Amino acid sequence: MSEQNLFINGNWVAGEGELFKSINPSRDEVIWEAKAATDEQVDAAVMAARAAFVEWADKSFEERLAICKRFAELLEENKQKFAHIIAEETGKPVWETLTEVAAMIGKVAISERAYHERTGTVENAMPGAKAFVRHKPHGVVAVYGPYNFPGHLPNGHIVPSLLAGNTVIFKPSEMTPKVAEFTVKMWEKAGLPNGVLNLVQGLVDTGKALSAHPQIDGLFFTGSSNTGHVLHKLFAGRPDKILALEMGGNNPLIVKDVADIDAAVHDIVQSAFVTSGQRCTCARRLFIEKSAQGDAILKRLIEVTENIQVGDYEADPQPFMGAMISAKAASDMVKAQNDLIDAGAKVLLKMLQKDHNLGFVTPGILDVTNVTEMPDIEHFGPLLKIYRYTDLDAAIAEANNTKYGLSAGILCDSEDTYRYFFKRIRAGIVNWNKPITGASSAAPFGGIGASGNHRASAYYAADYCAYPVASVEAEHVSLPEKLAPGLKF
Ligand SMILES: NC(=O)c1ccc[n+]([C@@H]2O[C@H](COP(=O)([O-])OP(=O)(O)OC[C@H]3O[C@@H](n4cnc5c(N)ncnc54)[C@H](O)[C@@H]3O)[C@@H](O)[C@H]2O)c1
Ligand SMILES: O=CCC[C@H](NC(=O)CCC(=O)O)C(=O)O
């Protein structure tokens with residue numbers, strides 16, 4: 001039981017709202033239980049961030065960076081422990097959660113570089129003066145995180161926000177409060193001044209109270225498209241607030257003429273089933289040619305997928321896939337599969353949830369080529385939909401037939417085919433002969449359409465964490481050499 005679960009103005013305090021729990025989805029055990037933040041506690045957190053802002057923004061960049069570097073060192077020292085907490089709360093195997101902690105550590109150096117390269121100071125000479133472009137923090141920002149990368153993805157907003165001089169209120173996913181608590185304890189230990197980072201835990205009501213708070217200057221969100229759209233509506237008519245949205249996708253992957261079938265199948269599996277399909281970048285739709293080679297790829301894909309190891313996060317040897325975030329998420333995914341089957345999808349490999357109290361499902365593959373009414377929704381789990389095609393243009397058109405636009409890829413040996421595809425496909429991440437998951441934090445990250453609002457996370461996060469200020473400056477006022485017509489001095 002975690003009683004003092006909120007971090008407000010440098011103090012750990014108990015929530016006074018509704019009781020909520022975090023359940024280990026691999027073992028059906030309660031691992032965290034506490035009360036949500038009330039509206040008054042959300043208000044206290046926002047006002048603490050407001051009070052801390054001027055002093056934090058006034059510190060030198062080097063002072064702020066030193067604390068972020070200490071945070072990264074603490075993560076390094078505690079990486080085994082932290083990886084186990086992420087694994088126990090999300091179901092992801094430890095091999096994978098160790099990479100999540102590594103991405104969090106790497107974020108500090110990447111954000112330092114991005115701060116200078118994207119939001120540095122530019123000075124230009126001009127007659128009798130100098131012109132500058134500098135950047136200033138927005139002020140108090142709210143950061144919302146998803147459950148699938150409960151450490152890495154909010155960290156991708158928090159680190160650049162703090163480096164730029166903003167103060168933060170962090171609202172993690174209600175599915176992953178324990179990871180959030182550990183993260184904030186590392187920041188506390190790293191020496192952040194009181195009020196600079198505040199943690200409010202809770203359900204949707206806590207999220208609503210924070211997003212509606214008049215004293216936030218911005219909201220940086222990674223999560224579902226549904227919630228992102230709710231927030232977008234809430235911020236409509238508020239050009240004074242900055243809203244950065246990173247949402248989901250209905251991501252396509254096309255296969256066309258490859259020599260190495262096993263290599264192609266590897267990249268498909270890595271794209272569709274890593275993290276039990278719970279990555280925003282996962283391939284949801286796979287386009288395979290109607291040809292002998294297409295048949296061979298599909299046959300091999302089914303064989304390899306049938307043999308994917310699914311198991312407990314600590315199992316030795318480690319499984320490829322762990323549990324989904326909850327038993328409910330797993331049964332919802334099976335239901336989504338059944339709905340598609342009812343709509344005419346052909347089962348190639350049936351997804352199964354053997355124990356309804358746990359989050360484990362085996363990966364599923366459906367042929368949806370003949371389904372006439374395919375919903376354009378993100379199936380956030382290990383369910384891959386196959387489209388058989390005869391014409392590449394038609395496959396690309398269908399790949400683009402989505403309101404989303406996060407990631408896309410093609411597996412093909414011809415560079416010309418890739419260039420052709422690249423020009424026509426609509427997505428923020430476009431890969432060639434590589435999985436479409438595993439997007440690097442060192443590159444801009446995010447999508448177009450319903451996947452986000454173009455302020456991509458990762459490397460370009462620096463852009464939305466500070467605003468540019470243009471200045472023309474001279475040490476003294478002086479009369480211009482040439483006066484405007486009609487003026488006499
Ligand atoms: N594009 C990306 O960068 C990216 C990365 C990871 C995950 N995702 C997406 O995230 C989703 C999974 O995460 P999730 O289910 O935790 O997302 P979610 O939208 O359910 O929750 C995200 C956060 O929003 C809060 N929230 C929910 N409803 C709210 C409301 N009405 N008002 C204010 N706050 C509210 C939640 O409490 C949580 O803190 C998937 O759709 C996935 O594609 C996107
Ligand atoms: O749900 C979002 C997936 C993000 C994920 N990105 C990473 O793993 C980044 C790792 C790094 O920073 O190098 C993905 O794209 O799969």
Side-chain angles (χ1 to χ4, degrees), residues 20 36-37 42 90 92 96-97 99-107 109-111 142-157 170-177 180 200-213 219-235 244-251 270-271 274-275 277-284 324-326 329 332 377-381 404-407 427-429 431 434-453 455-459 461:
F20 74 109
V42 170
T90 60
K92 296 195 287 186
E96 200 191 333
T97 56
T99 67
E100 177 164 359
V101 181
M104 290 178 75
I105 296 168
K107 182 70 66 179
I110 288 169
S111 304
V143 168
Y144 287 58
Y147 62 73
N148 62 335
F149 279 89
H152 168 55
L153 289 169
N155 191 56
H157 295 301
F170 174 27
K171 159 66 180 85
S173 164
E174 52 270 45
M175 309 297 286
T176 52
V200 292
Q201 301 264 22
L203 306 165
V204 173
D205 282 348
T206 307
K208 285 185 178 168
L210 178 57
S211 56
H213 199 290
L219 192 154
F220 306 156
F221 172 83
T222 302
S224 66
S225 189
N226 281 349
T227 309
H229 280 79
V230 168
L231 293 170
H232 196 253
K233 281 189 191 134
L234 184 74
F235 278 59
L245 297 173
E246 294 302 322
M247 303 183 278
N250 190 8
N251 310 311
Q270 193 69 33
S271 299
V274 71
T275 322
Q278 298 169 111
R279 288 197 189 196
C280 51
T281 45
C282 274
R284 308 293 175 200
M324 291 185 69
I325 189 69
S326 65
D332 285 353
I377 51 175
E378 178 189 51
H379 288 119
F380 205 59
Y404 297 99
L406 184 55
S407 65
I429 295 166
N431 288 355
K434 288 286 167 198
I436 61 172
T437 47
S440 163
S441 289
F445 175 63
I448 56 171
S451 294
N453 63 355
R455 294 187 187 92
S457 192
Y459 182 65

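Numbering of residues begins at 1 and proceeds along the displayed sequence. A quick note: this is a predicted structure, and the numbers were derived from the prediction, not measured. Whatever order the structure lists ligands and atoms in, that order sets their numbers, starting from 1. Side-chain atoms are counted along with the backbone in the values below, which use heavy atoms only and exclude waters and symmetry mates.
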Practice task
Check each heavy atom of Glu174 against ligand 1 and say whether those closer than 4.0 Å belong to the side chain, the backbone, both or neither.
Solution key: side chain
Handout entry: Tyr144 side chain vs Leu219 backbone, donor-acceptor pair below 3.5 Å
Key = no
Practice task
Work out whether the distance between some heavy atom of Gly145 and some atom of ligand 1 is less than 4.0 Å.
Solution key: yes
Handout entry: Any Cys282 side-chain heavy atom under 4.5 Å of Glu378 side chain
Key = no
Handout entry: Ser224, any N or O under 3.5 Å of ligand 1 N or O
Key = yes
Problem - Where ligand 1 meets Gly248 - atom numbers and elements under 4.0 angstrom, heavy-atom basis - result: 43 (O)
Exercise for the section: Return yes when Ser173 approaches ligand 1 closer than 4.0 angstrom through a heavy atom, no otherwise. Expected result: yes
Fill in the blank from the handout: Heavy-atom proximity to atom 12 (C) of ligand 1 ranks first, among Tyr404, Phe380, Phe149, for Phe380
Handout entry: Protein contact of atom 13 (O) of ligand 1 - nearest heavy atom, named by residue and atom, plus distance
Key = Pro146 CB, 3.3 Å
Practice task
Answer yes or no: is there a side-chain heavy-atom contact under 4.5 Å between Val204 and Glu174?
Solution key: yes
Handout entry: Proximal ligand 1 atoms for Leu406, defined as those under 4.0 Å from one of its heavy atoms
Key = 1 (N)
Problem - Option passing side-chain contact (heavy atoms from CB on, under 4.5 Å) with Phe221 (candidates Glu246, Lys171, Met247) - result: Met247
Handout entry: Over-ring placement of Lys92 relative to Phe149, 6.0 Å and 45° cut-offs
Key = yes
Exercise for the section: Report yes or no: does a heavy atom of Tyr144 sit under 4.0 Å from some atom of ligand 1? Expected result: yes
Exercise for the section: Could you see which bit of Leu153 sits under 4.0 Å from ligand 1, with heavy atoms only: side chain, backbone, both or neither? Expected result: side chain
Exercise for the section: Write down the atom of Tyr404, the atom of Ser225, and the distance for their closest heavy-atom approach. Expected result: CE2-OG, 3.6 Å
Handout entry: Shortest protein contact, atom 5 (C) of ligand 1 (heavy atom only)
Key = Cys280 SG, 3.0 Å
Exercise for the section: Tell me which part of Leu234 gets within contact of ligand 1: side chain, backbone, both or neither, using heavy atoms under 4.0 Å. Expected result: neither
Handout entry: Contacting atoms of ligand 1, where contact means under 4.0 angstrom from a heavy atom of Phe445
Key = 3 (O)
Fill in the blank from the handout: Contact region, Asn148 to ligand 1, non-hydrogen atoms below 4.0 Å, reads side chain
Handout entry: Derivation and outcome, side-chain contact (heavy atoms from CB on, under 4.5 Å), residues Ile105 and Val101
Key = CA-CA 6 Å; Ile105 296 168; Val101 181; 4.1 Å; yes
Problem - Heavy-atom nearest option to atom 44 (C) of ligand 1, drawn from Met247, His379, Gln201, Lys233 - result: Met247
Exercise for the section: Compare all side-chain heavy atoms of Pro146 with those of Pro172 and state whether any distance is below 4.5 angstrom. Expected result: no
Completion exercise
Those residues at least two apart in sequence (or on a different chain) that pass salt bridge (charged side-chain N to carboxylate O under 4.0 Å, His left out) with Asp205 are none
Practice task
Assign the ring pair Tyr147 / Phe380 to parallel, tilted or perpendicular, where the plane angle (0 to 90°) is split at 30° and 60°.
Solution key: perpendicular
Exercise for the section: Looking only at distances, please establish whether an N/O atom of ligand 1 is found under 3.5 Å from an N/O atom of Gly223. Expected result: yes
Practice task
Determine yes or no for a side-chain-to-main-chain donor-acceptor pair under 3.5 angstrom, with Gln270 supplying the side chain and Pro435 the backbone.
Solution key: no
Problem - Atoms of ligand 1, numbered as shown, that sit under 4.0 Å from any heavy atom of Thr222 - result: 2 (C), 3 (O), 4 (C), 5 (C), 6 (C), 44 (C)
Exercise for the section: State, with a plain yes or no, whether a side-chain heavy atom of Ile429 is found less than 4.5 Å away from one of Phe445. Expected result: yes
Fill in the blank from the handout: When distances are taken from atom 32 (N) of ligand 1, the protein heavy atom at minimum range is Lys208 CG, 3.7 Å
Exercise for the section: Report yes if the side chains of Leu210 and Thr206 come closer than 4.5 Å at any heavy-atom pair, otherwise no. Expected result: no
Handout entry: Exam field: side chain Arg284 to backbone Ile377, donor-acceptor pair closer than 3.5 Å
Key = no
Exercise for the section: Specify the protein heavy atom at minimum distance from atom 40 (C) of ligand 1: its residue, its atom name, and the distance to 0.1 Å. Expected result: Glu378 OE1, 3.4 Å
Exercise for the section: Please say whether Tyr147 places an N or O atom under 3.5 Å from an N or O atom belonging to ligand 1. Expected result: yes
Problem - Test item: Ser271 side-chain N/O and Thr437 main-chain N/O as donor-acceptor pair under 3.5 Å - result: no
Fill in the blank from the handout: Heavy atoms of Glu100 and Gly151 approach each other most closely as OE2-N, 2.8 Å
Exercise for the section: Please identify which atoms of ligand 1 are closer than 4.0 Å to at least one heavy atom of Pro172. Expected result: 39 (O)
Problem - Per-atom contacts of ligand 1 with Lys171, taking only distances under 4.0 Å to non-hydrogen atoms - result: 36 (C), 37 (O), 38 (C), 39 (O)
Exercise for the section: Please indicate whether any nitrogen or oxygen in Leu231 is less than 3.5 Å from any nitrogen or oxygen in ligand 1. Expected result: no
Exercise for the section: Report yes if some heavy atom in the side chain of Leu406 is under 4.5 Å from a heavy atom in the side chain of Ile436; otherwise report no. Expected result: no
In a simple table, one pair per line, please give the protein and ligand 2 atom names for every N or O pair closer than 3.5 Å, along with the distance.
unit_1, atom_1, unit_2, atom_2, d
ligand 2, 1 (O), Asn148, ND2, 2.9
ligand 2, 1 (O), Cys280, N, 2.9
ligand 2, 6 (N), Ala439, O, 3.4
ligand 2, 12 (O), Ser441, N, 3.3
ligand 2, 12 (O), Ser441, OG, 2.4
ligand 2, 15 (O), Thr281, OG1, 3.1
ligand 2, 15 (O), Gly438, N, 3.1
ligand 2, 15 (O), Ala439, N, 2.8
ligand 2, 16 (O), Arg279, NH1, 2.7
ligand 2, 16 (O), Thr281, OG1, 3.2
ligand 2, 16 (O), Gly438, N, 2.7

Practice task
Give the residue and atom name of whichever protein heavy atom lies nearest to atom 29 (C) of ligand 1, and the separation in Å to one decimal.
Solution key: Thr227 CG2, 3.3 Å
Fill in the blank from the handout: Ranked by distance from atom 24 (O) of ligand 1, the top protein heavy atom is Phe221 CE1, 3.5 Å
Problem - Main-chain N/O of Ala329 paired with Ser326 side-chain donor or acceptor, under 3.5 Å - result: yes
